[in-house]
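What you see is a predicted model; the values in this text were computed from it and never measured. Below, all heavy atoms of this structure are taken into account, side chains as well, without hydrogens, waters or symmetry copies.
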Amino acid sequence: MVLLKLQFPLQRRVRLAQGLWLLSWLAVLAGAFTFSLGVYLKTELLRRAEVMDNTEIHVVPNILMLVGLVTMGINLFAGRVCQDSLDSARFPPWKPFLLPWYGLAWMVCVWLLSAVVLSYALQGHLEESLKVGLRNGIRFYRDTDVPGRCFQKETIDRLQMELRCCGNTNYRDWFEVQWISNRYLDFTSKEVKDRVRSNVDGRYLMDGVPFSCCNPGSPRPCLQNHLTDNTAHYNYEHQSEELNLYNRGCRQALVDYYMGLMNTIGPGILSVISLQISVLVSLRYLHTSLEGVDPENPEADSEGYILAKGVKETMMDVKTTVFKLLQFGQVEAGDEAEAGADGEKAS
């Protein structure tokens, strides 16, 4: 049973070719758009690479960039086919390339859909990567004179100010690390000695945060130190008063930022998929309708369809073809192995 068969008079074939030419160029622009989205997302991920523990999430922009380039290529091909489709001398040379083109076009749609799915499925991996990366970034914040870590302080400070966040989960993460370098500590001071001796690791821990955690929107001057000591500041109650620090952790801020990008990109990619399917279906109708034209009467009506058989029959034919190709490959491998064995015996 032929799937989705339609009648195509000459005028309808001409309009189909013209419309498909326009669609193919729109799809080329959509491919460029997809590639640009991939580049932008890749750039944003690389910009925060110092606070990420791994690059698993990079698979999404990599797919978008690759598929964007492939989309531009296959739709330039489709546009050229449309130009030659109504010329009986120029269209036949394109026919052998159409079947691989259909397969590649379907793969493009699958890749784009997988990119959308992965952008949401990898949220947990992104969050874990940021958790570990930010924890290390905060731990190495003080290492301004250590090669390879000298820019860590600037990175964390800029991150906290740009995203209006503090710490990994919240501002208390700074209480658990020594974020002031030893070169800036006076070890002759009794306070410094007492703080260093108060923990088994010999670190200078304090209930304070870097300046980049301060919220400029707070009416009170920024309180960076002695945040848990109610007597250290006038009219202050750390358990009930809203601190003049950013309350949100940087991990959540980054996850919200990147997932916001994904939510914006997702509908755009789905639109590209819809456009690519439209090009695929239109080219298939144009191809089959031209194949059904009587060579002696090119202006006669013809029939176009999506599949020459039903979906089930077509899948069975594809399965049979794949099995034959695999068996042919195995036979060739066996013949080569036998030929090699005969050669060894002869020698």
Evaluate the criterion salt bridge (Lys or Arg N to Asp or Glu O under 4.0 Å) for residue pair Arg195 and Glu191; output intermediate values, then yes/no.
CA-CA 6 Å; Arg195 285 188 179 274; Glu191 180 187 359; 3.6 Å; yes
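- Expressed to the nearest 0.5 Å, how far CG of Leu254 lies from CE of Met52 amounts to 6.5 Å.
- Listed for the Ser119 side chain is a donor-acceptor partner under 3.5 Å among the backbone atoms of Val116.
- Note on Met107: it clusters hydrophobically with Val59, by side-chain heavy-atom contacts below 4.5 Å among ILVMFWY residues.
- Counting only N and O atoms by type, the side chains of Arg251 and Asn168 include a donor and acceptor under 3.5 Å apart.
- Two residues are said to be in side-chain contact when any heavy atoms from C-beta on lie closer than 4.5 Å; Arg135 and Val132 meet this criterion.
- In plain terms, the two heavy atoms of Ile138 and Asp173 that are nearest each other are CD1-CB, 4.4 Å.
- For the atom pair CG (Asn75) and SG (Cys82), the distance works out to 9.5 Å, reported to the nearest 0.5 Å.
- Between Tyr204 and Ile180 the shortest heavy-atom distance is CE2-CD1, 4.3 Å.
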Given Arg47 and Glu162, is the salt bridge (Lys or Arg N to Asp or Glu O under 4.0 Å) satisfied, shown in steps?
CA-CA 13 Å; Arg47 196 158 69 95; Glu162 288 178 14; 3.7 Å; yes
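- For the atom pair NZ (Lys190) and CG (Asp194), the distance works out to 4.0 Å, reported to the nearest 0.5 Å.
- Rounded to the nearest 0.5 Å, atoms CZ (Phe211) and CG (Asp157) are 4.0 Å apart.
- The number of heavy-atom neighbours closer than 6.0 Å to CH2 of Trp111, taken from other residues, nucleotides and ligands shown, is above 12.
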Salt bridge (Lys or Arg N to Asp or Glu O under 4.0 Å) assessment of Arg248 paired with Asp256
CA-CA 11 Å; Arg248 186 171 59 160; Asp256 291 345; 3.5 Å; yes
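- Other residues, nucleotides and ligands contribute at most 12 non-hydrogen atoms within 6.0 Å of the NZ atom of Lys131.
- Separation of atoms CG (Leu283) and OH (Tyr102) is listed at 4.5 Å; rounding is to 0.5 Å.
- Between Leu286 atom CG and Trp21 atom CH2 the span is 14.5 Å, to the nearest 0.5 Å.
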Using the rule given for side-chain contact (heavy atoms from CB on, under 4.5 Å), can you reason through Cys150 versus Asp143, listing the C-alpha separation, both sets of side-chain angles and the distance that settles it, and then say yes or no?
CA-CA 6 Å; Cys150 52; Asp143 296 338; over 6 Å; no
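- Geometrically, Arg149 engages Phe140 in a cation-pi contact defined by less than 6.0 Å to the ring centre and at most 45° from the axis.
- Under a hydrophobic clustering in which Ile, Leu, Val, Met, Phe, Trp and Tyr are joined whenever their side-chain heavy atoms come within less than 4.5 Å, directly or via other members, Leu20 and Trp94 fall into the same cluster.
- Of all the heavy atoms in Pro61 and Leu45, the pair that sits closest is CG-CD1, 3.8 Å.
- The closest donor-acceptor contact from the side chain of His233 to the backbone of Asn225 lies under 3.5 Å.
- For CZ of Arg158, the number of neighbouring non-hydrogen atoms (other residues, nucleotides, ligands) closer than 6.0 Å is 12 at most.
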Please set out all donor-acceptor pairs under 3.5 angstrom arising from side-chain atoms of residues 29-36, sequence neighbours excluded.
{"unit_1": "Thr34", "atom_1": "OG1", "unit_2": "Ala30", "atom_2": "O", "d": "2.9"}
{"unit_1": "Ser36", "atom_1": "OG", "unit_2": "Ala32", "atom_2": "O", "d": "2.8"}

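- Under the 4.5 Å side-chain criterion, counting only non-hydrogen atoms from C-beta, Glu44 is not in contact with Arg48.
- The hydrophobic clustering, which links ILVMFWY residues whose side-chain heavy atoms are closer than 4.5 Å, places Val177 and Val192 together.
- Heavy-atom neighbours of Tyr120 OH from other residues, nucleotides or ligands within 6.0 Å: above the threshold of 12.
- In this structure, Gln160 contributes its side chain and Gly167 its backbone to a donor-acceptor pair below 3.5 Å.
- Closest of all the heavy-atom pairs between Asn244 and Leu223 is ND2-N, 3.3 Å.
- Within the 4.5 Å cutoff, no side-chain heavy atoms of Leu37 are placed close to those of Met65.
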Please report the C-alpha distance between Leu185 and Gln178 in whole Å, then the side-chain angles of each, then the deciding distance to 0.1 Å, and finally whether the side-chain contact (heavy atoms from CB on, under 4.5 Å) criterion is met.
CA-CA 11 Å; Leu185 294 175; Gln178 178 182 335; 3.7 Å; yes
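- Looking at Arg203 and Val196, their side chains never come closer than 4.5 Å, going by heavy atoms from C-beta outward.
- Counting heavy atoms from C-beta outward, Gln252 and Cys165 have side chains that stay 4.5 Å or more apart.
- Here the side chains of Ile265 and Leu64 are in contact, with some heavy-atom distance below 4.5 Å.
- Closest approach of Val209 and Cys213 over heavy atoms only: CG2-CB, 3.8 Å.
- Residues Met259 and Leu261 are members of one and the same hydrophobic cluster, defined by side-chain heavy-atom contacts under 4.5 angstrom among Ile, Leu, Val, Met, Phe, Trp and Tyr.
- A donor-acceptor pair under 3.5 Å links the side-chain atoms of Ser129 to the main chain of Asn54, judged by distance alone.
- Here the two cysteines Cys166 and Cys250 have their SG atoms 2.5 angstrom or farther apart.
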The test is side-chain contact (heavy atoms from CB on, under 4.5 Å); show your working for Ile156 and Val51 and say whether it passes.
CA-CA 8 Å; Ile156 296 297; Val51 294; 3.9 Å; yes
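- Counting only distance, with no hydrogens or angles, the side chain of Trp101 and the backbone of Ile74 share a donor-acceptor pair below 3.5 Å.
- Here the closest non-hydrogen pair linking Ala78 and Val279 is CB-CG1, 4.3 Å.
- Between the side chains of Tyr258 and Gln123, no donor-acceptor pair is found at a separation under 3.5 Å.
- Tyr184 is not listed as a side-chain neighbour of Arg142, based on a closest heavy-atom distance of 4.5 Å or more.
- Taking the six-membered ring where the residue is Trp, Trp174 and Trp179 present perpendicular rings, their angle passing 60° and hence far from 30°.
- Residues Thr228 and Phe175 have side chains in contact (heavy-atom distance under 4.5 Å, counting atoms from C-beta outward).
- Hydrophobic clustering, with ILVMFWY side chains joined whenever heavy atoms are under 4.5 angstrom apart, groups Leu23 together with Leu270.
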If you apply the rule side-chain contact (heavy atoms from CB on, under 4.5 Å), what do you find for Asn215 with Leu245, and how did you get there?
CA-CA 5 Å; Asn215 183 0; Leu245 307 174; 5.9 Å; no
